[in-house]
Student: 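Please find one structure pasted underneath; my questions will follow.
Residue numbers run from 1 in the order of the sequence given. Treat the numbers as computed from the prediction; the structure is a model and nothing was measured. Just so it is clear, the values below take in all heavy atoms, side chains as well, and ignore hydrogens, waters and symmetry mates.
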Amino acid sequence: IVLGAVSERLGMTREQAYAVASCFGIGMAQGCTCGAASGAIMAIGLRYGNTVPGDLVTKSQVFTKRDEFVRRFTEMNGNIACPDLLGRRVDTFDELMMLGGTDLFRNCPGYCVNAIRILEDML
């Protein structure tokens with residue numbers, strides 16, 4: 001959702017953004033970074049990332065942008081790790097389907113909105 005929201009500004013279609021980010025939801029179902037934050041970090045990489053191996057100046061700059069996003073997202077939401085935001089891990093697609101009808105994901109739209117708001121300021 002997050003990468004799709006800014007996709008056209010980054011020169012890609014919404015469908016391409018959804019496809020490239022499709023494995024990152026619910027912390028990649030591995031207890032990792034929130035999918036909304038992952039989408040935003042992908043957008044930051046597309047906008048500011050280094051494209052030449054060994055370009056440490058640009059790499060440093062994009063890491064600074066990433067760190068700024070992580071700080072701001074954490075300040076707004078209390079954490080960046082999916083299990084900490086949800087209050088539990090969701091490790092499989094079957095679990096996602098089983099829990100989809102519950103209120104477990106009730107805050108996820110807000111995390112997406114917050115990530116997009118931060119991105120709008122950073123891109």
Side-chain angles (χ1 to χ4, degrees):
I1 298 300
V2 173
L3 186 59
V6 297
S7 59
E8 289 183 15
R9 291 175 63 181
L10 299 169
M12 63 188 338
T13 67
R14 190 173 295 260
E15 290 77 18
Q16 288 170 320
Y18 287 164
V20 77
S22 63
C23 291
F24 290 85
I26 59 168
M28 292 190 294
Q30 297 180 351
C32 297
T33 301
C34 165
S38 293
I41 292 167
M42 284 185 257
I44 290 166
L46 283 166
R47 173 66 175 88
Y48 299 107
N50 62 305
T51 59
V52 178
D55 178 1
L56 299 181
V57 171
T58 305
K59 180 69 109 180
S60 174
Q61 292 169 345
V62 78
F63 274 30
T64 298
K65 293 283 188 185
R66 181 211 53 205
D67 292 348
E68 176 186 349
F69 174 83
V70 168
R71 178 187 56 76
R72 290 173 68 180
F73 187 88
T74 301
E75 285 173 359
M76 292 178 87
N77 302 296
N79 211 304
I80 196 164
C82 184
D84 293 327
L85 293 168
L86 295 179
R88 69 160 288 172
R89 287 178 61 117
V90 179
D91 292 326
T92 67
F93 183 76
D94 289 340
E95 273 185 285
L96 174 64
M97 293 296 97
M98 181 182 70
L99 296 166
T102 70
D103 68 345
L104 181 67
F105 303 105
R106 70 187 171 284
N107 294 324
C108 293
Y111 302 142
C112 291
V113 168
N114 290 343
I116 293 165
R117 285 182 179 151
I118 298 167
L119 272 181
E120 291 293 330
D121 185 50
M122 292 185 69
L123 294 181

Student: Indicate if Val113 and Leu123 have the same hydrophobic cluster label, given that clusters are the connected sets of ILVMFWY residues with side-chain heavy-atom separations under 4.5 angstrom.
Tutor: no
Student: Could you tell me which residues satisfy side chain to side chain contact (heavy atoms under 4.5 Å, CB included) with Ala21, sequence neighbours excluded, listed by chain and number?
Tutor: Leu3, Met42
Student: Residues in side chain to side chain donor-acceptor pair (under 3.5 Å) with Gln16, at least two apart?
Tutor: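 Gln16: side chain to side chain donor-acceptor pair (under 3.5 Å) contacts with Thr13.
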Student: Enumerate the side-chain hydrogen bond (donor to acceptor under 3.5 Å, both in side chains) contacts for residues 20-39, please, sequence neighbours excluded, ordered by first and then second residue.
Tutor: none
Student: Could you tell me if the side chain of Ile44 sits less than 4.5 Å from the side chain of Leu119, heavy atoms only?
Tutor: yes
Student: Does atom CD1 of Ile1 have more than 12 heavy-atom neighbours from other groups under 6.0 Å away?
Tutor: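 No.
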Student: Not counting sequence neighbours, which residues clear salt bridge (charged side-chain N to carboxylate O under 4.0 Å, His left out) with Asp103? List them please.
Tutor: Arg106
Student: Does anything in residues 75-85 pair up under salt bridge (Lys or Arg N to Asp or Glu O under 4.0 Å), and if so which pairs, sequence neighbours excluded?
Tutor: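 Qualifying pairs, neighbours excluded: Arg71-Glu75.
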Student: Side chain of Thr64, backbone of Ser60: donor and acceptor closer than 3.5 Å?
Tutor: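 At least one qualifying donor-acceptor pair exists.
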Student: What pairs of residues pass the salt bridge (Lys or Arg N to Asp or Glu O under 4.0 Å) test when at least one of them lies in residues 41-66, not counting sequence neighbours?
Tutor: none
Student: Any heavy-atom pair between the side chains of Val70 and Ile41 that's under 4.5 Å?
Tutor: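 Yes, side chains in contact.
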Student: If you look at every heavy atom in Gly31 and Pro83, which pair is closest and at what distance?
Tutor: CA-CG, 3.4 Å
Student: Other members of the hydrophobic cluster containing Phe105, with the 4.5 Å side-chain heavy-atom rule, please.
Tutor: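 Via sub-4.5 Å side-chain contacts, Phe105 links to Ile26, Leu86, Val90, Phe93, Leu96, Met97, Met98, Leu99, Leu104.
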Student: With a 4.5 Å cut-off on side-chain heavy-atom distances among I, L, V, M, F, W and Y, is there a chain of contacts connecting Tyr18 to Val6?
Tutor: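 No, because Tyr18 and Val6 fall into different hydrophobic clusters, even though each may have its own neighbours under 4.5 Å.
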Student: Would you mind listing every side-chain hydrogen bond (donor to acceptor under 3.5 Å, both in side chains) that reaches into residues 113-122, with sequence neighbours excluded?
Tutor: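 Checked against side-chain hydrogen bond (donor to acceptor under 3.5 Å, both in side chains) - neighbours excluded - the pairs reaching residues 113-122 are Arg9-Glu120, Arg72-Asp121, Asn77-Asn114.
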Student: Under the ring pair (Phe, Tyr, Trp, His ring centres under 6.0 Å) rule, what pairs show up with a residue in residues 21-79, not counting sequence neighbours?
Tutor: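 Passing the test, one end in residues 21-79: Phe69-Phe73.
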Student: Apply side chain to side chain contact (heavy atoms under 4.5 Å, CB included) to Ala36 and list each qualifying residue two or more places apart in sequence or on a separate chain.
Tutor: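 Ala36 satisfies side chain to side chain contact (heavy atoms under 4.5 Å, CB included) with Val2, Cys34, Tyr111, Cys112, Ala115 once adjacent residues are dropped.
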